[in-house]
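Every value quoted in this text rests on a predicted model; they were computed, and no experiment measured them. Order of listing sets the numbers, starting from 1, for every ligand and every atom in it.
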Amino acid sequence: MCGTENQAATNGTTKHLSSPSSSTDVVLNLDHGDPTVYESYWKRIGEKCTVVIKGSELMSYISDVRKPCWFLEEKFESVIKRLHRLTGNAVVDDRYVVVGTGSTQLFQALLYAITTTDASLGGTGGGPDQLPVPVVCAAPYYSQYAEETDYLRSGLYKWAGDAYAFDKDGPYIEVVTSPNNPDGTTREAVVIHNGDQGKVLYDMAYYWPQYTPITRPADHDIMYFTFSKSTGHAGSRIGWALVKDEAIARKMTKFIELSSIGVSKDSQIRAAKIMEVICEDYQDFKHHQNSNHFFEYARKLMENRWKRLREVVARSNVFSLPKYSQEYCLFHGECTESYPAFAWLKCKEEGVEDCEKLLQEYKILGRGGKRFGSDPSYARVSILSREEVFQQFLERLEIIKGNTN
Ligand code: PMP
């Protein structure tokens, strides 16, 4: 965990800004994208998603040894394919599915799978003397990539920062996050390929109809998704990768075997149940626009939050937000805008260089631009909190006025 309550200690106010409303206000921790926004939906759904697991069930490590990912539950695999077909956000045919403890584990499994040269695991070329493969992503990039890549000081790969600044020959890995965390933009790879020595990983955590128009089924060789951001069940720690190459699927499985001997079956079964309930609700396509269906409900919620946020920011002479163009969404059947999971706030006030610090003075905990390989005049703030927290965030943002007022 990166941000702590202590970090948000108020340390006086900047001269030209109005003071925080009250020193007794609680800290609003919007540093993480904890998706509690969807709790309201799942409360309404009630018992329909309840899963009962008997003491005698799901005891084995193994699910199906014939599959490259031998700990993948059949029910989970079939329902994620069903969900992708429903939303139209990814091609699932002729792909291997690898389940992970969140997409965090899958990212690391992929780095290992792509760079390991162990021939017994399907590796090609290279030897013990190979140099660590650089891992890059266009800035602003998801801050955890840098930390996760270098945390164990692997000899196989190393973080090399902003993909726009990468100009080395030889093998490399580029991560493309689309829509992007932190700024919500739709992205493609940016490194000019030197031969076919680069591998591109598509982190599609936010390619779901509540956040962005679904313009086509993603059809990349390596892409991964997460239960955390699709339905909001971050606590189950489930993610999945769709990969074309069997050798990569097997090496990812090896990594997960060595780090956790598989992935919780209880979680896979819970995830399968929840995603199945979503799919069943859409069975009757006459009701596609029904706001009781998860993706309609979630999109309305996100749209409403962005509308309120934009109104506050429009009145502010301190902050600005990115603009997103409308595109036709194949899922909703209409033109929609993006409603990202995070606000990428820019502090445009002259003389205020540190947006994170400014927010902290008002007890709003966000994450500063520098962590994303960007400018400190930016900060990322989560839009996925519970309603009371989001409302308080708007109220605090409203009182931050520049000295020109
Ligand atoms: N990738 C991106 C772009 C994310 O924003 C997140 C979560 N913040 C993750 C990966 C990790 O998600 P998970 O909960 O599946 O580990």
Which of the atoms in ligand 1, numbered in the order shown and given with their element, are less than 4.0 Å from a heavy-atom of [X]?
X	answer
Ser228	13 (P), 14 (O), 15 (O)
Thr177	3 (C)
Gly102	15 (O), 16 (O)
Arg237	13 (P), 14 (O), 16 (O)

Salt bridge Glu280-Arg82, side-chain N to carboxylate O under 4.0 Å: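 Looking at Arg82 together with Glu280, the answer is yes, because their closest N to O distance falls below 4.0 Å.
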Pair Tyr224 and Tyr207, ring centroids less than 6.0 Å apart: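 Aromatic pair excluded; centres sit 6.0 Å or further apart.
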Write out the residue and atom name of the closest protein heavy atom to [atom], then the distance separating them to 0.1 Å.
atom	result
atom 5 (O) of ligand 1	Tyr206 OH, 2.5 Å
atom 16 (O) of ligand 1	Thr104 OG1, 2.5 Å
atom 6 (C) of ligand 1	Tyr142 OH, 3.3 Å

[X] versus ligand 1: do any nitrogen or oxygen atoms come within less than 3.5 Å of each other?
X	result
Ser103	yes
Lys229	yes
Thr101	no

Would you check if there is a donor-acceptor pair between the side chains of [Y] and [X] at a distance under 3.5 Å?
X	Y	value
Ser143	Arg367	yes
Tyr145	Asp203	yes
Arg216	Asn89	no
Gln392	Glu388	no
Gln105	Ser259	yes
Thr36	Glu39	no

Axial cation check for Tyr206 ring with Lys229, 6.0 Å and 45° limits: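 Judged by the rule, Lys229 and Tyr206 form no cation-pi pair.
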With heavy atoms under 4.0 Å as the rule, classify the contact between [X] and ligand 1 as side chain, backbone, both or neither.
X	answer
Asp203	side chain
Gln144	neither
Phe227	neither

